[in-house]
Q: 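One structure, pasted below without further comment.
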Amino acid sequence: DHARSWEVYAVADLGAFVGCRGVQSGPDGVLFLELMQGEWRASAPTFQRGTFVGGILGIDRADIDAQFGLTYDRAIRTLTGGELRGIRNGNRLTFEVNGDPVRSWSLSGSAAAILKLEECVARRGSKARPSRHSAAATPAVPSSGGVGVRPSGPAPSAPPAGRNAPPPPP
């Protein structure tokens, strides 16, 4: 799924859904914005090793003294509600991880990306389903000799007045 300059997709661990990730590429590498197991996180590339490192998370002109978790060449910040609001409404996000060059990304489209991430998690990563009245949602009915044949099972109920009811499930 896309939200302006962000790509949003589901993340699984050992086949189990764990959350959704928004990705934006820029000159300073790939920025991740994630909603994982109820926590909002932002992460950026890093050269640092270890478990944690200090630094500054910058949102527009506000600098926040921050701790970053380190894993798989990423510096990860679990976001506070205020930081997430800043990202949603801001223009620029900066990671100043101690020992790394300063990295910066545009936040254009971040409000749309956050909305898409919330929708992705609400659907547990599955794609949005088409309307029950769209052609894509109506299964084909097999035919025999040019005559439609309904699958076996109980007869369908009458559709509500003025509406077309979908065919019964196969």
Side-chain angles (χ1 to χ4, degrees), residues 1-137 163 166 169:
D1 219 349
H2 286 84
R4 297 183 78 184
S5 61
W6 295 79
E7 182 179 352
V8 175
Y9 56 88
V11 177
D13 184 22
L14 299 174
F17 174 79
V18 293
C20 294
R21 176 178 293 147
V23 177
Q24 185 188 64
S25 296
D28 288 331
V30 178
L31 172 67
F32 291 171
L33 183 60
E34 304 170 324
L35 179 50
M36 299 282 187
Q37 299 173 334
E39 287 187 337
W40 284 97
R41 304 187 305 203
S43 71
T46 185
F47 296 115
Q48 302 308 307
R49 297 287 179 260
T51 307
F52 291 97
V53 66
I56 295 176
L57 181 71
I59 302 171
D60 294 336
R61 298 184 196 272
D63 288 341
I64 301 156
D65 188 27
Q67 287 289 314
F68 299 94
L70 300 173
T71 183
Y72 303 111
D73 299 327
R74 309 278 310 164
I76 302 167
R77 170 73 177 174
T78 299
L79 301 169
T80 66
E83 292 165 355
L84 183 63
R85 278 189 299 281
I87 289 170
R88 179 187 316 260
N89 300 320
N91 295 306
R92 194 124 207 104
L93 180 67
T94 304
F95 272 66
E96 295 182 40
V97 176
N98 292 342
D100 275 352
V102 175
R103 299 177 193 276
S104 182
W105 291 267
S106 167
L107 290 174
S108 176
S110 60
I114 289 169
L115 180 61
K116 288 282 188 190
L117 285 162
E118 291 170 335
E119 291 171 354
C120 174
V121 167
R123 293 189 316 266
R124 298 197 48 77
S126 64
K127 296 285 184 191
R129 294 186 180 147
S131 164
R132 45 179 248 156
H133 296 292
S134 74
R163 294 178 64 190

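For reference, positions follow the sequence shown, starting with 1.
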Q: Would you say the side chain of E83 lies within less than 4.5 Å of the side chain of L57, judging by non-hydrogen atoms?
A: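 Yes. Closest side-chain heavy atoms under 4.5 Å.
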Q: Could you tell me whether E96 and R103 have a side-chain N and a carboxylate O separated by less than 4.0 Å?
A: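 Not counted as a salt bridge, because no side-chain N and carboxylate O are separated by less than 4.0 Å.
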Q: Honestly, is R74 close enough over F32, meaning NZ or CZ under 6.0 Å from the six-membered ring centre and within 45° of the axis?
A: yes
Q: Can you check whether I64 reaches I59 side chain to side chain, under 4.5 Å on heavy atoms?
A: yes
Q: So how far is it from F68 CZ to Q48 CD, rounded to the nearest 0.5 Å?
A: 11.5 Å
Q: How far apart are the closest heavy atoms of S106 and S108, and which atoms are they?
A: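 Shortest heavy-atom contact: OG-N, 3.0 Å.
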Q: Return yes if a side-chain donor-acceptor contact under 3.5 Å exists between S104 and R92, otherwise no.
A: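 Side-chain D/A pair, S104 to R92: present.
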Q: Shortest non-hydrogen contact from G125 to A10?
A: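 Nearest pair, atom of G125 first, then A10: CA-CB, 3.6 Å.
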Q: Could you point out which residue of T94, D63, V102 forms a side chain to side chain contact (heavy atoms under 4.5 Å, CB included) with I56?
A: D63
Q: Within a strict 4.5 Å, meaning less than it, do heavy atoms of the M36 and E39 side chains meet?
A: no
Q: Please round to the nearest 0.5 Å and tell me the distance separating atom CG of L35 and atom CD1 of I114.
A: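 Rounded to the nearest 0.5 Å, the CG-CD1 separation comes out at 10.0 Å.
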Q: Taking C-beta and beyond as the side chain, do K116 and W6 meet within less than 4.5 Å on heavy atoms?
A: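 No - every pair of side-chain heavy atoms lies 4.5 Å or more apart.
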Q: Looking at every heavy atom in both L107 and G90, which two are closest together, and how far apart are they?
A: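 Scanning both residues, the minimum pair turns out to be CB-O, 3.4 Å.
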Q: Establish, for the pair R124 and F17, whether the NZ or CZ atom is under 6.0 angstrom from the six-membered ring centre and no further than 45 degrees off its axis.
A: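 Pair R124/F17 does not count as cation-pi.
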Q: Ignoring hydrogens, what is the shortest heavy-atom contact between G26 and W105? Give both atom names and the distance.
A: N-NE1, 4.1 Å
Q: State the CG-CD distance between L31 and Q24, to the nearest 0.5 angstrom.
A: 6.0 Å
Q: Please report the C-alpha distance between T71 and T51 in whole Å, then the side-chain angles of each, then the deciding distance to 0.1 Å, and finally whether the side chain to side chain contact (heavy atoms under 4.5 Å, CB included) criterion is met.
A: CA-CA 7 Å; T71 183; T51 307; over 6 Å; no
Q: State the OG-CG distance between S110 and N89, to the nearest 0.5 angstrom.
A: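 Taking OG in S110 and CG in N89, the distance rounds to 7.5 Å.
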Q: Is any side-chain heavy atom of R49 closer than 4.5 Å to a side-chain heavy atom of D73?
A: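 When only atoms from C-beta onward are counted, D73 and R49 do touch, with a gap below 4.5 Å.
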Q: With side chain to side chain contact (heavy atoms under 4.5 Å, CB included) as the criterion, how do F47 and V97 come out once you've worked through the C-alpha distance, each side chain's angles and the decisive distance to 0.1 Å?
A: CA-CA 9 Å; F47 296 115; V97 176; over 6 Å; no
Q: For a side chain to side chain contact (heavy atoms under 4.5 Å, CB included) check, start with the C-alpha distance between I76 and L70, then their side-chain angles and the critical distance, and finish with the verdict.
A: CA-CA 6 Å; I76 302 167; L70 300 173; over 6 Å; no
Q: Measuring from D60:CG to N91:CG, what's the distance to the nearest 0.5 Å?
A: 4.5 Å
Q: For the atom pair OH (Y72) and OG1 (T46), what is the distance rounded to the nearest 0.5 Å?
A: 15.5 Å
Q: Can you find a pair of side-chain heavy atoms, one from W40 and one from I87, that are under 4.5 Å apart?
A: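 When only atoms from C-beta onward are counted, I87 and W40 do not touch, as no gap falls below 4.5 Å.
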